[in-house]
Amino acid sequence: MVADSSPRDLVARARGSAMVRETLTSVIERALEEARQAGELPVAQLPPVELDVPPSNQFGDFSSNVALVLARQVGAPPRDVAQRIASHLVTNGGLLQRVDVAGPGFLNFYLKPTWLHDVVPEICLQGDDYGRCNIGQGQLLQVEFVSANPTGPLSVPHGRGAAIGDVLARILSWVGYETRREFYINDAGGQVARFGESVEACYLQLLGDTETKVPDDGYQGDYVRDLARQILAREGDRLRDLPADERLETFTRLARDAMLAQQRETLARFGVHFDIWFSESELHYTGQIDEVIRVLLENGNAYESEGAIWLRSTAFGDDGDRPLVRGNGQPTYIAADLAYHLNKHRRGFQRVIDIWGPDHHGYIARTKAGIQALGIPADWLEILIFQHVSLRKDGEVVAGSKRLGNIVLLDEVIDEVGKDAARFFFLMRGANSPLEFDLDLAKQEALENPVYYVQYAHARMGSILREAAERCVVLPDPAQTDLSPLQHESELALLRHLAELPEEIRQAAILREPHRLTRYGQELAACFHAFYRDCRVLGEVPEIVAARLCLVLACRVALRNVLTILGVSAPERM
RNA sequence: GCGCCCGUAGCUCAGCGGAUCAGAGCAUCUGACUUCGGAUCAGAGGGUCGGGGGUUCGAGUCCCUCCGGGCGCGCCA
């Protein structure tokens, strides 16, 4: 049952599959360079080498379209170019077994068959770290998301933003960034004051005041009255007799704190924890907003007109100049936001990603213009917009409109479908696509539900390993086990998927697309279920039992890592 | 009017730095349990990738245009 492994082979194995792409890429790059020096590729600059996994393994383990990309520059038919490259590829003694030129000019690479088997011990060796890499090189990076006004509970769209931000942050830390999650509390503007005013009015009404009404542009929901009741229960009627401005200030503060606490609690049960809660009002009272305005006036990127101060955002590609300070002397939201981003920049973040809802896309141009006006490069800040969320319930689509007052709360969704399903569903679509969240499906404890499908695969892995223990089968050491019995098509397909995890994570990070991992999880689960059907683990001859148990161990590591990144639990039993 | 997003199978959506890209899940139909969890799996039907131009040897994929849907365009945050 022990492999034919000399120590040297084991070393080679341990370096194994995560480096397969890198190794192959450098082999190709070397061939390109040699071909160029031989005068066969007369181009100034060689393109980056892209490796794809072909749709069918009859096209090899990996393929590349470099020849197709180069053909025009070289001025030769793609297949000829491919042939020239292929002739410089070194195949002897290495990873690479064979290269084909196929179709219009693809290079198809066939690797030594053992490369897939080498994946298993490597995964088991790396364990919780399988899938990590270091393209971020420890750069300090911030993801800012949710950042709701503290004037109400979090709703469904906040949930989508929270899931995207949280998982993107985790993905980025997996690829080597030093990542911080930050929540910007918009607690300084007129909205918060109006909210305080609304709560204050309810409070006074509870004390029998029939004169005071909630302002028309105030907040009307039941939660406002609930909050007033809580304050009444805790503080009694003593707030009634405070001087008017002090009373409003008090209610604004109490209301803000209460909503913030509630939002924080909702996020916690959603599995989202922020490193920093940054208060907008801090920017006001520390003079950072005044400073930004002064700087912009001094460097000529702001000017006074019509009694207001304007950001010259048109100088940086925006459609119009934007007010920074109103006629009444109050700074606008943008002024605060620019001060905030300058603050982030000063805190040393090498890159910042803001995740905004669809209603904010109009602010991208002015914000980017603003930071440039402050001397910060436009690409230092990335703004990711996610699209609208609708809910499907009992076959009907629920609008979730704020205007109609029927907003659905994130808490309600978590209550109904649970944290795991909620997170998973929010991440099933690309941020650019509108998302229809099917509550009925998310709630089902059945195979149709993708979350259960994936989690069930994990539970099934656990079940096999438990059953093995029941039967007193000793768990094999993957590094010492001959894995060559893994030859069934289902086993090979599973191995290929396992080998791709690091690349999937890398792509999800580079493209800022967390939804790739929910899809990957579904694919991996599907591969595992197919393997389970085709290949019995226990009760076979010992060599096969050992090899397949190793495969199961590796699958469990990979799937658990995916679920960990998604913030979805990986149950041993269901 | 301007801007952003979307339009791919009956439904919800992947694929969009061109080729090896016509895909997944659900729904529908048909099959598979003395055995590690059938909460599973296999198979089938189903799409001129919104329309039309263009670039290209080659276009869901890039460009233009039109149509349809969603959302934004305050000295609100």
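This structure is a prediction, so every number in the text was calculated from the model and none was measured.
Comparing the P positions of rC66(B) and rU30(B) gives a spacing of 49 Å, expressed to the nearest Å. Across the C1' atoms, rG3(B) and rU55(B) are found 27 Å apart, a figure rounded to whole Å. Taking the P atoms as reference points, rU61(B) lies 11 Å from rA19(B), given to the whole Å. Nucleotides rC62(B) and rC71(B) have their P atoms positioned 25 Å apart, rounded to a whole Å. For rU12(B) and rG70(B), the C1' atoms lie 16 Å apart once the distance is rounded to whole Å.
Of all nucleotides listed (rC76(B), rC71(B), rC5(B)), rC5(B) comes nearest to the side chain of Q387(A). In the set rG38(B), rU12(B), rA77(B), the nucleotide with an atom closest to the side chain of Q191(A) is rA77(B). When each of rA77(B), rG38(B), rC4(B) is scored by its nearest atom to the side-chain atoms of Y363(A), the top-ranked nucleotide is rA77(B). Comparing rU12(B), rU35(B), rC76(B) by their nearest atom to the side chain of R326(A) picks out rC76(B). Among rU12(B), rC75(B), rG72(B), the nucleotide with an atom closest to any side-chain atom of P323(A) is rC75(B).
Nearest-nucleotide positions on RNA chain B for F531(A) and P331(A) put F531(A) closer to the 5' end. Comparing R471(A) and N186(A) along RNA chain B, the residue whose closest nucleotide (by nearest heavy atom) sits nearer the 5' end is R471(A).
Between D337(A) and R366(A) there is no salt bridge, since no side-chain N of the basic residue sits under 4.0 Å from a carboxylate O of the acidic one. For E500(A) and R21(A), the salt-bridge test passes: some basic side-chain N is under 4.0 Å from an acidic carboxylate O.
Here the two rings, on F106(A) and F59(A), have centers that are 6.0 Å apart or farther.
Residue side chain H360(A) does not reach the base of rG72(B) through any donor-acceptor N/O pair under 3.5 Å, judged by distance alone.
In this structure, rG60(B) is classed as syn because its glycosidic torsion stays within 90° of zero.
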In B/S/- notation, 5' to 3', how is nucleotides 14-25 of chain B contacted by protein heavy atoms closer than 4.0 Å?
SS-B-BBS----
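Figure legend: R423(A) and F426(A) shown without cation-pi pairing, the cationic atom not lying both under 6.0 angstrom from the six-membered ring centre and within 45 degrees of its axis. R256(A) forms no cation-pi arrangement with F195(A), by the criterion of a distance under 6.0 Å to the ring centre and an angle within 45° of the ring axis. Figure legend: R264(A) and W277(A) shown as a cation-pi pair, the cationic atom lying under 6.0 angstrom from the six-membered ring centre and within 45 degrees of its axis.
R294(A) is linked by a salt bridge (Lys or Arg N to Asp or Glu O under 4.0 Å) to nothing, counting only residues two or more places apart in sequence or in another chain.
Within 4.0 Å (heavy atoms only), G189(A) reaches sugar-phosphate atoms of the nucleic acid but no base atom.
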Using the rule given for side chain to side chain contact (heavy atoms under 4.5 Å, CB included), can you reason through L24(A) versus L111(A), listing the C-alpha separation, both sets of side-chain angles and the distance that settles it, and then say yes or no?
CA-CA 9 Å; L24(A) 188 53; L111(A) 306 187; 4.3 Å; yes
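Distance, R366(A) CZ to rC2(B) P: 18 Å, rounded to whole Å.
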Where does RNA chain B pair, written as one dot-bracket string 5' to 3', with Watson-Crick or G-U pairs under 3.5 Å, ( ) inside the strand, [ ] for crossing pairs and | for another strand?
(((((((..((((.........)))).(((((.......))))).....(((((.......))))))))))))....
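Among F183(A), F274(A), F386(A), the single residue meeting the ring-ring contact (aromatic ring centres under 6.0 Å, His included) criterion with F145(A) is F274(A).
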